[in-house]
Amino acid sequence: MDGTTGLEEADSGQGSAMTKWVYGFGGGQAEGGAEMKALLGGKGANLAEMSALGLPVPPGFTITTEVCTFFNEKGGSYPEGLDAEVAAALAAVETETGASFGDPDNPLLVSVRSGARASMPGMMDTVLNLGLNDKTVEGLAKQSGDARFAYDSYRRFIQMFGDVVMGVDHHVFEEILELHKEDRSVTLDTELSAEDWQAVIKDYKAKIIEEAGESFPQEPMKQVWASISAVFRSWSNVRAATYRRLHNIPDDWGTAVNVQAMVFGNMGEDCATGVAFTRDPSTGANLFYGEYLVNAQGEDVVAGIRTPQHLTLAGKQANHSKLPAMEEVMPEVFGQLDEVRQKLEQHYRDMQDIEFTVQRGTLYMLQTRNGKRTASAALKIACDMVAEGLITEAEAVARIDPASLDQLLHPTLDPAAQRRTIARGLPASPGAASGRIVFSADAAEQQAGSGETVILCRVETSPEDIHGMHAAKGILTTRGGMTSHAAVVARGMGRPCVAGAGELRIDYKTGTMRVRDVVLNEGDLVTLDGATGEVMAGEVPTIEPELSGDFAKIMGWADEVRRLGVRANADTPEDCRIALQFGAEGVGLCRTEHMFFDANRILAVREMILAESPQGRRKALDRILPMQRQDFAEIFEIMQGQPVTIRLLDPPLHEFLPHEEAEMAEVAAAAGASVDHMRQRVIKLSEVNPMLGHRGCRLGITYPEIYEMQARAIFEAAAHAMMECAAAVVPEIMVPLIAIEKELDLLKALIDRTAEEVMKAEGVTIPYIVGTMIELPRAALTADRIARAAEFFSFGTNDLTQTAYGLSRDDAGNFLPAYEERGIIETDPFISIDRDGVGELVRIGVERGRATRPEIKLGICGEHGGDPASVTFCHKVGLDYVSCSPYRVPIARLAAAQAALAEQDSTLTTGAAGTA
Ligand code: ADP
Ligand code: MG
Ligand code: MG
């Protein structure tokens, strides 16, 4: 078939005889292959591939996804020529099997199976045993010599067809079956005789007429077409549509339909059916891993009606099973299956998830696909396959889904431990933590200060809680979504967070948290699992993450190929240590505000802000300077010559203001002013729209003493580290929220002046550079001018997203989910960079910045720095580095490597779809 002509024909409208709609497979041959997943779906493409490989696949054919699209667009009609193609393909199956459709003596039976491009387990429908009717069932009985089996198969077919095609609910049939079993005083299906099944069938048919107003069709061709239509329709069912939305599968992909000759695993004791993985999907160990049932059909294994048995002796022993393994019961067939396993791995060069059936001692393969696996199994399998010579190091790197590494980078709950789940919220930030309940940020800080591990439990959090979030081991909120303040900040800090656990009621007054009849008090132990959203009463032991073994090996290979640098957003010495451990090459963003919120400092900070004169401010700042200097000195020492980008004070002033009477009195006393006077100052400084207000470099312009003090602290700390600790130091001073080049000119002059003073006083030369965040559209657009003063840019894509969209991140939770649901946006722009808008601003900033200053250093420090898709974008747009939270550094390293690999080799598919 000429593919080009086919496409032209399809474009011309109706499609025609020239478009190939049906692809056959079987008998060691196939018209399709594994590379045709888009057209044949994963199941169809791999059935073709296995058949061409000479594996025992029952013959059949695949109707393409293009037919599904046609069917859905044209109100359930089919393209011209499909009829004839299906008839021809069916005839080929008849020839291959020697049976014929509707033949009462030797009936061909088929399954009609769904199968989309991406696996959508259990979302769409499949009908088995098609072709049976009142006559052919007798043929099957004679042929198999087992009437019981034949009538059981027939009733299964009526049941599936009635459910999937005729819309008669599955439990209606179950009820009938139950009645018959009661009647016969038996508990197992297998105890019913052929006559019993005949009676069941009679009732099934009557029920179908009653419920559907139509009788069950006897004509096999009618059965086939009705089933094909039902499978195409199942693409649009609510279940499947929801699944696609959750997994970003486009609606227009469509499903293929596979029609395949039936084989029976339920014809007796020499028959079986099973599923298996070619390696252990949870550990990655190179062991055959699977389950099977003797005398059973397809779905029985997963349906949970009977306890499945292990494939191998090793599996049986490891799971302390008493039931015999397939290796024992059917050693010969097991041997064949093991050979198939080797062949599939050699061929696909990846771990496979397979379905098989044994009919009277003969093995048949019914499905294969790349198996889903845990993150640690993915790493082990990739490394082992490199060692086995199956794949290259580059392929190993390309195969790991960077996002899945998250599973390995946080403490996790010991799987062996008991857990008592009391509520569930959103899995807002991964990792697990146990600690004592506190209900305020101050209490969190206080208790953490005295060595307690605490979990901060709030209805919701705000910027004022940052110090408490820092001090806490985990964060729980009862309100808010995945982009709420708590969620975003917790992810940034690498704190486990369960957000929006709405069943829980927090009462700050009484210091209690309750759900149903469970009441927890301040000081009680709770455990959070931020990966699942579970909230548990009591303490559950955790396991620490580690970058070693296979994980370290893959990261090493990734580092060899990536071009992008990877730094960390690290505010504290502790953050810096973790960042280095995970391979960060510097600090891309050290925020200084938490240093101001510290309980010992906030009073001086408030005094400084509320002071009315520069002198008043200086007095307070003089008290902060030594503390701030100490912060930086420690960070420089830890980072040992790696670049450290320090951002000068950024948040709106009002966040530091005292709110409660007692706090105001305290500040007033310290400043020697009246409480009333303080209250007036607070009112004067409060803002309508702080996010767009008096913040960032605007603070530096209006209160130059603040930035001067910070610059001094940085340079004195640098001098100290150079002299006392012999540490190489490369401070990069970053001015936030620049919109106008003049702002930076002024502030750079201030910083340079301070640097000179310190260097003169200390008698050292400190290498430093001054740059800016690009986080306002105006800054991106005028980057050529700003680059005259700026020696580096760091794209602050959190604020850039807020300002490009005119959208506040803290309020987005109320409507962004609806936008995603209705397809107005594909993904939350705060999680993955919006390439068309925000990304375009970045591109413009890069281009214009480099035009003025070709050697300008370019990085990104928004949340996006740890998002794999955004990292790819950063690579493409030509940034020098990305910076992300310490825990996401390995994710960024891997994503950066994959971006580089994809550029070198466009045939390499990255981010293995096979990770669970
Ligand atoms: P799913 O995608 O939900 O697994 P499948 O199309 O794979 O649906 O089929 C459901 C079950 O029926 C599987 O266990 C499969 O192995 C079995 N099955 C499908 N087609 C046949 C066939 N032609 N002969 C025997 N068993 C089959
Ligand atoms: Mg299947
Ligand atoms: Mg910002």
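All ligand and atom numbering here is 1-based and tracks the order in the structure. This is a predicted model, so every value here is computed, not measured.
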### Query
Do F161 and Y154 have ring centroids that are under 6.0 Å from one another?
no
### Query
Any idea which part of V110 is under 4.0 Å from ligand 1, heavy-atom wise: side chain, backbone, both or neither?
neither
### Message
Would you compute the distance between atom OG1 of T278 and atom CG of D350 and round it to the nearest 0.5 angstrom?
### Response
7.5 Å
### Message
With a 6.0 Å cut-off on the ring centroids, do Y364 and F356 count as close?
### Response
no
### Query
Backbone or side chain, does any N or O of L366 fall under 3.5 Å from an N or O of ligand 1?
no
### Message
Please report whether ligand 1 has a polar contact with K43, defined as an N or O pair separated by less than 3.5 Å (distance criterion only).
### Response
yes
### Query
N/O to N/O below 3.5 Å, does that happen between A261 and ligand 1?
yes
### Task
Please determine if R239 and D125 form a salt bridge, counting it only when a charged side-chain N lies under 4.0 Å from a carboxylate O.
yes
### Query
Does an N or O from E355, backbone or side chain, lie closer than 3.5 Å to an N or O of ligand 1?
yes
### Query
With a 4.0 Å cut-off, would you call D189 and K181 a salt bridge?
yes
### Sub-6.0 Å ring centroid separation between F264 and F149
yes
### Message
Suppose I only count heavy atoms of V263 and a 4.0 Å limit; which atoms of ligand 1 are within that range?
### Response
24 (N), 25 (C)
### Query
Could K372 and D353 be called an ion pair, given the rule that one side-chain N must be under 4.0 Å from one carboxylate O?
no
### Atoms of ligand 1 close to Q367 [distance to a heavy atom under 4.0 angstrom, numbered from 1]
7 (O)
### Query
Nearest to the Mg ion (ligand 2), which N, O or S atom of E355 do we find?
OE2
### Message
I'd like to know: is the Mg ion (ligand 2) within the 2.8 Å range of an N/O/S atom from Q367, strictly under that distance?
### Response
yes
